[in-house]
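Below is one structure, written out as structure tokens, with a few remarks after it.
When reading the values below, keep in mind they use all heavy atoms of this one structure, side chains included, and skip hydrogens, waters and symmetry mates.
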Amino acid sequence: FAEGHCGAKCSVDPACAGFDFDEPSGRCHYRRSVTCYTRANSDRDCYAKKAQCPSMTCPTGYLRKPGSDTSFCAEVTCSAADRDTCCSESVCDDLSPLWASGPGCHAEGFTLSDECTSQGWTC
């Protein structure tokens, strides 16, 4: 119940980091931070939003994986453990429909610092 009822409202509010659900009263308590003022309470269940891939900076040699804009990281913040969920290794492959090369790099918003050259992806 809590995920559908409270979660639906929290998921569309960028300021909402999570919520706790007060079982006896059936009330949702929305939180801007899920790490402050925490204490054990057997009457409440706590929920935290997982970070989404767009908040992750891919490591050198990797670029954002196509279609990962709505993918979630494993925790509240993305980490190196989420690399394969959010990023793909940049390879020179002009035949792949997933990656643009040459002028397409610029059209997709990538720059030289993103491992893209005027000849395509760096190897």
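Contact annotation: the side chain of His29 never approaches that of Phe19 to less than 4.5 Å [non-hydrogen atoms, C-beta and beyond]. At least one side-chain heavy atom of Ser88 sits under 4.5 Å from a side-chain heavy atom of Lys65. Residues Asp82 and Met56 meet the side-chain proximity criterion, which asks for heavy atoms closer than 4.5 Å. Residues Ser71 and Cys86 form no side-chain contact, since every pair of their non-hydrogen atoms from C-beta on lies 4.5 Å or further apart. For the pair Arg32 and Cys16, the minimum side-chain heavy-atom distance is 4.5 Å or more. Inter-residue side-chain proximity for Lys50 and Gln52 is flagged as unmet; no heavy-atom pair is nearer than 4.5 Å.
Contact between Glu3 and Tyr47 at its shortest, heavy atoms only, is CG-CE2, 3.4 Å.
Formation of a donor-acceptor pair under 3.5 Å by the Arg31 side chain with backbone atoms of Cys46 is not found in this model. In this structure a side-chain-to-backbone donor-acceptor pair under 3.5 Å is present from Ser11 to Gly7. The backbone N or O of Val76 sits nowhere less than 3.5 Å from a side-chain atom of Lys49 that would complete a donor-acceptor pair.
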Evaluation steps, disulfide (SG to SG under 2.5 Å), between Cys78 and Cys53: CA-CA 7 Å; Cys78 295; Cys53 285; 5.7 Å; no
With side-chain hydrogen bond (donor to acceptor under 3.5 Å, both in side chains) as the criterion, how do Ser25 and Asp22 come out once you've worked through the C-alpha distance, each side chain's angles and the decisive distance to 0.1 Å? CA-CA 6 Å; Ser25 71; Asp22 185 348; 3.2 Å; yes
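Note: Tyr30 OH to Lys9 NZ = 5.0 Å, rounded to the nearest 0.5 Å.
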